[in-house]
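Here's the structure, in C-alpha cells; my notes come after.
Reminder, nothing fancy here: chain letters follow the sequence lines and each chain counts from 1.
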Amino acid sequence: MSDADDAVDRELTMSRAMVESIAHEMRANEEVFYMGEDVADYGGIFDSTQGLLDEFGRDRIMDVPISETAYLGAAVGAAQEGMRPIAELMFVDFFGVAMDQIYNQLAKNTYMSGGNVNVPLVLTAAVGGTYNDAAQHSQTLYGTFAHVPGLKVVVPSTAYDAKGLMHNAIRDDDPVMYLFHKRLMGIGWMPAPDGPKTPVPETDYTIPFGSADVKREGADVTVVTLGLHVHRALDAAESLAAGGIDAEVIDLRTLVPLDTETILESVRKTGRLVVVDEDYRSFGVTGEIIASVADGDLDALDAVERVAVPDVPIPYARPMENEVIPDATDIEASVREVVSGE
Amino acid sequence: MSDADDAVDRELTMSRAMVESIAHEMRANEEVFYMGEDVADYGGIFDSTQGLLDEFGRDRIMDVPISETAYLGAAVGAAQEGMRPIAELMFVDFFGVAMDQIYNQLAKNTYMSGGNVNVPLVLTAAVGGTYNDAAQHSQTLYGTFAHVPGLKVVVPSTAYDAKGLMHNAIRDDDPVMYLFHKRLMGIGWMPAPDGPKTPVPETDYTIPFGSADVKREGADVTVVTLGLHVHRALDAAESLAAGGIDAEVIDLRTLVPLDTETILESVRKTGRLVVVDEDYRSFGVTGEIIASVADGDLDALDAVERVAVPDVPIPYARPMENEVIPDATDIEASVREVVSGE
Amino acid sequence: MVSLGRMRELYADMVTARHYEERLQEEYLEGKQPAFDISAGPIPGELHLAAGQEAAAVGVCHHLRADDTVTAPHRPHHVAIAKGVDLKRMTAEIFGRKTGLGKGKGGHMHLFDPDVNFACSGIIAEGCPPAAGAALAAKKRNEDSVAVAFLGEGAIDQGAFLESLNFASVHDLPVVFVVEDNDWAISMPKERVTDVENGSDRAAGFDMPGFRVDRDDALAVYEAAGEAIGRARDQNGPTLLEVQVHRRMGHFMGDPQTYRPDDDEEAALARDSIDRLESTLRDHGLGDDDLSAIRGDAEERVEEAIAWAKEQPQPAPEDAYDDVFVNPPSGVTTEEPDFDLAGGDDR
Amino acid sequence: MVSLGRMRELYADMVTARHYEERLQEEYLEGKQPAFDISAGPIPGELHLAAGQEAAAVGVCHHLRADDTVTAPHRPHHVAIAKGVDLKRMTAEIFGRKTGLGKGKGGHMHLFDPDVNFACSGIIAEGCPPAAGAALAAKKRNEDSVAVAFLGEGAIDQGAFLESLNFASVHDLPVVFVVEDNDWAISMPKERVTDVENGSDRAAGFDMPGFRVDRDDALAVYEAAGEAIGRARDQNGPTLLEVQVHRRMGHFMGDPQTYRPDDDEEAALARDSIDRLESTLRDHGLGDDDLSAIRGDAEERVEEAIAWAKEQPQPAPEDAYDDVFVNPPSGVTTEEPDFDLAGGDDR
Ligand SMILES: Cc1ncc(C[n+]2csc(CCOP(=O)(O)OP(=O)(O)O)c2C)c(N)n1
Ligand SMILES: Cc1ncc(C[n+]2csc(CCOP(=O)(O)OP(=O)(O)O)c2C)c(N)n1
Ligand SMILES: [Mg+2]
Ligand SMILES: [Mg+2]
C-alpha cells in the first residue's frame with residue numbers, strides 16, 4: 001500500500017474505485033457479500049462487480065433470481081443476523097417492485113425496534129440518463145429516497161469519493177443507499193466525462209457522510225449539485241469564469257445526512273443560489289436545498305434558481321432527452337440569471 | 001336534486017360525500033367500477049365504499065386478493081381499455097408492494113405512448129396518523145407521490161371538497177391519486193374534528209384541480225397546508241386571532257397540479273409563510289412550497305417556517321406520536337415565530 | 001409420538017397465549033366504551049389478536065432454539081409467546097412504554113426481540129424475504145440454525161411470499177413457511193381471493209414439499225413441523241406448511257364482523273384446539289388439578305406481565321427523535337483523510 | 001392441422017421479424033463502431049432483439065384479433081410484428097421520430113399501438129397485471145376478446161407474474177400467459193435462478209392448466225396456443241403456456257456474452273425455427289421460388305419501414321413537455337360552482 005503522505009497519482013475510473021473498496025472490505029470481513037442480478041459472471045451490467053467473482057466465488061458474489069423483493073428482503077434478513085450484505089438494484093428505476101422492503105423494513109426496523117435491531121446493508125443502484133434509455137431506465141430518484149427516514153443516501157461524483165464513501169457505507173451499521181451514476185462509471189461502452197476519473201489512494205480510507213465537498217471555490221454564486229451534474233456545473237463554471245463570473249460548486253456527496261452548513265456558509269458569501277439536479281424538479285432535491293437555505297438564513301439569499309428535470313418522465317429521443325436533462329449551458333444560463341437579476 | 005341556487009344545509013361526513021360522488025358516477029357510467037381489499041361486504045375499512053355493494057353488486061364493487069401489484073396493474077389494464085376503474089390501496093403505506101405499477105406504468109404510459117394511450121384510473125388510499133398505528137400505517141407520503149410526474153394528486157379536507165374533487169377525479173382522463181385522511185372521514189370508531197363535516201349539495205359538481213382554497217382570509221401570515229392540517233391550522237388561526245395575529249389559511253386541495261399563484265398572492269400580501277404538512281419534513285411538501293415561493297417572488301418573502309413530521313418514522317406510543325405529528329400548538333408557535341422574528 | 005412433557009409445554013404456551021389475548025382485549029377496550037375510539041385507552045391503534053390460532057404457533061415454535069429466527073405478521077402474539085419472546089417487555093411495548101421491546105416505538109405489529117431472533121412486519125408477506133435471508137446467513141456461516149416465516153392464508157397471493165418460495169428453493173435454504181389458514185383475510189373468505197383451496201398446493205410449483213395440517217391440532221402440527229424443521233436443520237431445503245386454525249375474534253378489535261355468518265363464528269368457537277389438547281392430556285392421565293395448575297401458572301405469568309407493563313414509564317416526547325440510526329447520522333467517520341492527490345485539481 | 005395458408009402467414013411474419021432484427025442490428029451499430037458508445041448512432045439506448053424467438057410470437061398472435069390485447073416485455077419486436085402493430089410507426093419510434101407510435105417518447109421498450117391493443121413495459125413481468133386487467137374489462141363488458149401477456153423465463157420469479165396467475169385464476173379471466181424460455185436472463189442461466197425446470201409447472205399451484213412446447217416450432221406453438229386462446233375466448237379461464245425459444249444474439253446489443261459457453265450459442269444458432277418451418281413448407285410442396293417470394297416481400301416491407309422511419313422528422317426539444325397528461329393538468333373542470341353553503345363558514 002502506498003503511504004498516504006506520498007502524492008497519489010494512480011488514476012482510477014469510478015467503477016474501479018468502487019470495486020476496489022468492496023474487494024478490500026470483503027477481504028477484511030467474511031460477513032460482507034454482494035448479491036444482485038448479473039453481478040457474478042457478467043460483473044455487473046455497469047461494472048459494479050467487475051472481477052469480484054474470480055476472487056470471491058459464487059457464495060460471496062451471488063447472482064439472484066429476478067425477484068427484487070425476495071433478494072433485497074433476504075439481504076435485510078441477513079443483515080439483521082449481523083452479516084453485511086451489499087445488494088444491488090440493477091437500475092434504480094426498478095425500486096417499485098421492492099419498495100416495501102426498502103421503505104417499510106430496511107429503513108424502519110431500527111426505529112421500530114427502538115434500536116435493538118440494526119440493518120447494516122448497502123443498497124447500490126445505478127442512476128441517471130443521458131444515453132436515451134427512456135422513462136423506465138433513466139431516472140435518478142434522488143428525492144424519492146432522500147425523503148425516506150432511516151436511509152442514508154450517498155451519491156458519489158468522482159472515483160476518489162466513490163471509494164471513500166463505499167468504505168464508509170460498508171462499515172456503517174445503518175442502511176445506506178449508494179447511488180452511482182452510469183455515465184460516471186467509466187464503462188467501456190458509455191464514455192464518461194473527464195472529471196470522475198481521479199487519483200485514488202491504494203490504501204483504504206473513509207469519507208464521512210454529511211460532508212459536502214466544495215469542488216470549486218468561487219465568490220459570486222453558489223451552485224449546489226451532485227452526481228453527474230457536479231461535472232456539468234464545473235464545466236459551466238469554467239465558461240462563466242471566462243465571462244467574469246466566479247461560481248462556487250458544491251458537491252453534496254450525501255443527501256442524507258445533508259450538509260446544510262457548507263451550503264449556508266457559501267450562500268452567506270455569494271448571496272446567490274443555483275441548485276442543479278438530475279431528478280424531477282418538484283417535491284425533490286432542488287426544493288429541499290432552497291427551503292433549507294431559506295429556513296436557515298433567508299436574509300443571506302438574494303437570488304435563487306432551480307435547474308432540474310421538468311416534471312415529465314424522461315423521453316427517449318435525443319432532442320427531447322437533451323432538453324429535459326440539464327446541461328452545462330442550462331446551468332450557465334441560470335447562473336447568469338441570478339447574477340444579473342438583481 | 002336540489003337547486004344549486006338554494007342554500008344547502010344538508011351536512012355530510014367526508015366519507016359519505018366521497019361515497020355519494022362515487023355512486024353518482026357509477027350510476028351515470030357503467031364503465032366505472034371499484035376494486036380493493038374489503039371494499040365489498042366490509043364497505044371499506046375506512047368507510048370509503050359503505051353501502052355500495054348493495055346497490056351495485058360484486059361485479060362493480062370487487063373484493064380482490066391481497067396482491068396489490070396484480071389488482072392495481074389490472075386496473076391500469078382495464079383503464080387502458082377505456083374503463084374507468086377506481087382502485088383502493090387500503091393504507092397508502094402499502095404502496096411499496098405495488099409502486100412499479102403506480103410509478104412506471106400508471107404514471108408513465110400516457111407519456112411513453114405520446115398520448116396515444118391514457119389511463120383514466122382513480123387510485124384512492126387512506127393516509128395519516130393521530131391514532132397510534134405506528135410506522136407502517138400512519139404515513140401520508142404526500143411528497144412521494146407528488147414527486148412522480150404523471151399523477152395528479154388530490155387531498156381533500158372537507159366533505160364539500162371531497163365530493164367535488166372525486167367527481168372531477170372520476171371524470172378526468174388521466175390518473176388521479178386521491179388521498180383521504182382517515183381522521184377526517186367521520187368513521188364511527190375514529191372521531192373526526194368538526195371541520196370536515198360540511199354542507200354538501202345533493203347535485204353533482206366538480207372542483208377543478210390546481211385551485212387551492214383560501215379557507216380563512218388573513219393579513220399577517222400565510223399558512224399553507226392540506227388534509228387534516230387544514231383544520232389544525234384553522235384552530236391555530238382562531239387562537240392567534242385572539243392574540244391579534246390574523247392568519248390566512250390556504251388549503252392546497254391538490255398537490256399536482258399545484259396552485260402556486262394563490263400562494264404567491266397571499267405571501268405578497270402577508271410577507272410571511274408557514275408551511276404545515278403531515279409528511280416527512282425533508283425532500284417533501286414543505287420544501288417544495290417554500291422553494292416555489294422563493295423562486296417565484298423572493299422579495300415578497302420576509303420570513304418562513306416549516307412545520308412537518310421531523311425525519312423519523314411515525315412512532316407508536318402516544319407521547320411520541322403527538323410530538324412528531326404537528327398540532328395546532330406547533331402551528332401557533334411557528335406563526336408567532338415568523339411574526340415576531342423580523 | 002409427542003412426549004407427555006412436551007405436550008404439557010405446548011398446552012402451557014397455548015393457555016398462556018389465549019389468556020394473554022383475552023386480557024389484552026379487556027385492556028384494549030378500556031376507555032373505548034361505550035363509544036369505540038381507536039385512539040383512546042391504554043392500548044391505542046390497531047390490535048390483532050390470535051385467539052384460536054395457538055396450535056400453529058406452539059406446534060412450530062417448540063422445535064426452535066433461541067438462535068433460530070422467526071418472522072411474524074400483524075398477528076404476532078401467540079407466535080412470540082411460543083418463541084419465548086420476553087413477555088414483560090413485549091407487553092410493555094404493546095402498552096407503549098419506554099422499557100418495551102422497541103421503547104414504545106414499534107407497537108404490537110412491530111415486536112423485535114433479538115435475544116430470541118424474533119421480528120415482525122405489519123405488511124402482508126413482507127416477513128418472508130427476511131426469513132429467507134436469515135436462513136441464507138445461517139447457510140453462509142455453516143450454522144445449523146433455521147428460520148420460520150409465519151403468514152396468513154390471505155398472504156399467499158402476495159408477491160413477497162411467492163418470490164420467497166423460489167428464492168428459498170433455488171438456494172436450498174433452511175427455512176419453513178408456515179401458513180396459518182383461519183379462512184378469513186379481514187372480511188374476505190379465502191375462496192373469494194385465492195384460486196387453490198390449500199395453500200400448500202402452491203409448493204410443488206416451487207419444487208418444494210408442501211403439507212397441510214387440516215385440523216386445528218397442536219400435536220399434529222408439532223409432528224408435521226418437526227419434519228419440516230428437521231429437513232431445514234439437516235440442510236435438506238425449505239418446506240411450505242399450512243395449518244388450519246380458527247379466528248375466535250374479529251380481524252382487529254372493533255371489527256363489527258357483520259360480514260361473517262353466525263355459523264362460521266360458532267364453528268370457530270366450537271373447534272377449540274385447546275380443548276382438544278386438554279382432552280388428550282386427560283387421556284394421558286392428567287386431572288383437573290394438573291390442568292388448572294398449568295392454567296393458573298399461565299394466568300399468573302400473563303397477569304404479572306400486564307401489571308409490570310402498566311407500571312412502566314411512558315416514553316418522553318423527545319424520545320421520538322432517537323433510534324432512526326444506530327450510528328450517528330454522519331456514519332462511521334467524521335473526518336476525511338488528507339491525501340495529496342496529484343492532478344486532482346478539482347477537489 | 002394447420003392449413004397451408006396459415007403456415008405461409010406464420011412463415012411470412014417469422015422472416016419479417018428475423019430480417020427486422022438483423023437490419024436493426026446494423027442500423028444500431030452505425031456510429032457505434034469501432035468504439036461502442038451506447039448513446040451514439042441513429043438508434044441510441046438499449047436494444048433487445050428477438051432473433052430466434054419468432055415461433056412463440058407468431059404461433060400465439062396469429063390466433064388474435066385486433067381487439068385482443070397483448071402486452072410484451074423489453075424484447076417486443078417479434079411480438080409486435082405478429083400482432084400487426086404498424087411497422088412503419090413502430091420503426092419510427094425506435095428511431096426516435098416524431099411520427100413514431102409514441103412520438104419518439106417511448107423508444108423500443110415502450111411500443112403502444114392502441115389500434116391493435118398492443119402495449120409494452122421494460123420492467124420485468126409488469127405487463128402481466130395489465131393484461132389480466134384487459135381480460136377483466138372484456139369480461140365485465142361481456143365481450144369475447146382475450147388478452148395475452150408475454151414474458152421471459154427469467155420473469156417467472158417476479159411477484160407481478162405470480163400474483164397475476166392467482167388474480168386471473170380466481171376471477172376466471174380470459175388471459176393467456178406466454179413464457180418465452182430462451183434459457184437465459186441476461187447472463188443468468190435459468191437453473192441458477194429458478195427452482196423448477198419448466199415454468200409451466202407453476203400453473204397447477206394456481207389451479208390453471210399449464211403447457212410447455214419444448215421445441216422451437218411455430219406449428220406446435222400455434223396448436224398449443226389455439227387451445228389456450230380458445231379456452232379464454234370460450235370463457236373457460238386462463239392458461240399458462242411456455243415455449244422453448246432461443247437467443248441468437250446477445251441480451252442487448254453490445255452484450256459481450258463472455259458468460260455464454262460457445263456450444264450454447266452454436267446450439268441456439270443451429271436450432272432455427274425458421275429453417276424448421278421452411279422444411280415443413282417444402283414438404284407441403286413449396287419451392288425455392290415460393291419461399292424466396294415470401295422472404296422478398298418480408299424484406300421489402302422491412303426496408304420500406306426503415307427507409308420511411310429514417311425520413312421522418314425528429315421531435316423538437318420542446319415536444320418533451322407535452323403528453324404527460326391527456327387532459328390539461330387542471331383536470332376536467334376549470335371553474336368551481338358557486339353554492340350557497342349554510343353553515344359552511346370556513347369555506
Ligand atoms: C401489503 C398489504 N396489504 C394489505 C394489508 C392490510 N391487511 C392487514 S391484515 C390483512 C388480512 C390478512 O389476512 P391473512 O393473511 O389471512 O391473515 P389474518 O389476518 O387472517 O391472520 C390485510 C389485507 C397489509 N397489511 N399489507
Ligand atoms: C424488475 C426488473 N428487474 C430487472 C430488470 C433488468 N432486466 C431486463 S431484461 C432482464 C432479463 C430478463 O430475462 P427473461 O425474462 O428471461 O427475458 P429475456 O431477456 O431472456 O427475453 C433483466 C434482469 C428489469 N427490467 N426489471
Ligand atoms: Mg387469514
Ligand atoms: Mg430469457
Side-chain angles (χ1 to χ4, degrees), chain B residues 4-9 11 33 59 64-65 67 69-83 100-101 104-105 109-118 149-150 152 158 160 164 168-169 171-174 195 198-199 201 205-211 213 215-216 234 256-257, chain D residues 69 71 93 100-107 110 112-114 117 119 121-123 126-138 140-141 147 159-160 163-164 166-168 170-171 173 322-327 329-344 346-347:
Chain B
D5 292 337
D6 283 355
V8 176
D9 54 12
E11 291 206 341
F33 66 99
D59 265 2
V64 292
S67 310
T69 290
Y71 80 76
L72 292 183
V76 170
Q80 286 177 186
E81 301 288 323
M83 295 196 77
D100 191 77
Q101 283 297 330
N104 272 331
Q105 327 294 324
N109 281 355
T110 301
Y111 191 78
M112 296 191 301
S113 71
N116 285 326
V117 159
N118 67 305
K152 297 172 183 175
T158 67
Y160 177 84
N168 212 49
R171 294 177 195 180
D172 196 326
D173 289 329
D174 289 312
T198 63
Y205 58 94
T206 53
I207 294 178
F209 295 161
S211 62
D213 189 37
K215 287 274 194 289
R216 181 187 198 282
L234 289 169
V256 181
Chain D
T69 293
T71 63
E93 185 60 30
L101 288 173
K103 303 183 188 163
K105 294 197 162 93
H110 309 295
F112 292 83
D113 188 347
N117 281 312
S121 175
I123 308 296
E126 294 285 338
C128 297
L136 181 69
K140 285 189 183 300
R141 287 164 164 173
E163 290 188 3
S164 294
N166 179 67
F167 187 86
V170 79
H171 293 115
L173 301 179
D322 302 334
D323 299 321
V324 181
F325 297 113
V326 294
N327 252 345
S330 61
V332 283
T333 53
T334 51
E335 246 180 63
E336 189 166 351
D338 191 17
F339 297 107
D340 176 12
L341 298 174
D346 69 354
R347 292 204 58 268

Does the side chain to side chain contact (heavy atoms under 4.5 Å, CB included) test come out yes or no for Asn327(D) and Lys152(B), once each step is laid out?
-> CA-CA 11 Å; Asn327(D) 252 345; Lys152(B) 297 172 183 175; 3.6 Å; yes
Region of [X] in contact with chain B, defined by heavy-atom distances below 4.5 Å:
| X | answer |
| --- | --- |
| Asp322(D) | backbone |
| Ala160(D) | both |
| Val170(D) | side chain |

Which atom of [X] lies closest to which atom of [Y], heavy atoms considered:
| X | Y | answer |
| --- | --- | --- |
| Pro114(D) | Asn116(B) | CG-O, 3.3 Å |
| Ala70(B) | Glu163(D) | N-OE1, 3.0 Å |
| Lys105(D) | Gly114(B) | CD-CA, 4.5 Å |
| Ser211(B) | Glu336(D) | OG-OE1, 4.5 Å |
| Arg141(D) | Gly82(B) | NH2-C, 3.5 Å |
| Phe112(D) | Met112(B) | CE1-CB, 4.0 Å |

If we define contacts as heavy-atom pairs under 4.5 Å, which of [options] has the most with chain D?
| options | answer |
| --- | --- |
| Ala79(B), Ala75(B), Ser67(B) | Ser67(B) |
| Leu72(B), Asp59(B), Val256(B), Asn109(B) | Asn109(B) |
| Gly164(B), Ser113(B), Pro149(B) | Ser113(B) |
| Asp173(B), Asp9(B), Val76(B) | Asp173(B) |

Identify which part of Tyr71(B) has an atom lying under 4.5 Å from any heavy atom of chain D, answering side chain, backbone, both or neither.
->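 Both parts, heavy atoms under 4.5 Å.
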Name the option with the most non-hydrogen atom pairs under 4.5 Å to chain B; the candidates are [options].
| options | answer |
| --- | --- |
| Gly100(D), Gly106(D), Ala168(D), Ala131(D) | Gly106(D) |
| Leu136(D), Asp323(D), Thr69(D) | Asp323(D) |
| Ala138(D), Gly159(D), Pro129(D) | Pro129(D) |

With side chains defined as the heavy atoms from C-beta onward, is the minimum distance between Ser121(D) and Gln105(B) less than 4.5 Å?
-> yes
Would you mind reporting whether Phe339(D) and Pro201(B) have side-chain heavy atoms less than 4.5 Å apart?
->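 In contact.
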Please round to the nearest 0.5 Å and tell me the distance separating atom CG of Leu341(D) and atom CD of Glu11(B).
->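 So the gap between those two atoms works out to 10.0 Å.
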From CG (Asn117(D)) to CD (Gln80(B)), nearest 0.5 Å =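 Asn117(D) CG to Gln80(B) CD: 9.5 Å, rounded to 0.5 Å.
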Go through Thr110(B) and Phe325(D) one step at a time and tell me if the side chain to side chain contact (heavy atoms under 4.5 Å, CB included) criterion holds.
-> CA-CA 7 Å; Thr110(B) 301; Phe325(D) 297 113; 5.9 Å; no
Just do the side chain to side chain contact (heavy atoms under 4.5 Å, CB included) check on Glu126(D) and Asn104(B) with the steps written out, would you?
-> CA-CA 9 Å; Glu126(D) 294 285 338; Asn104(B) 272 331; over 6 Å; no
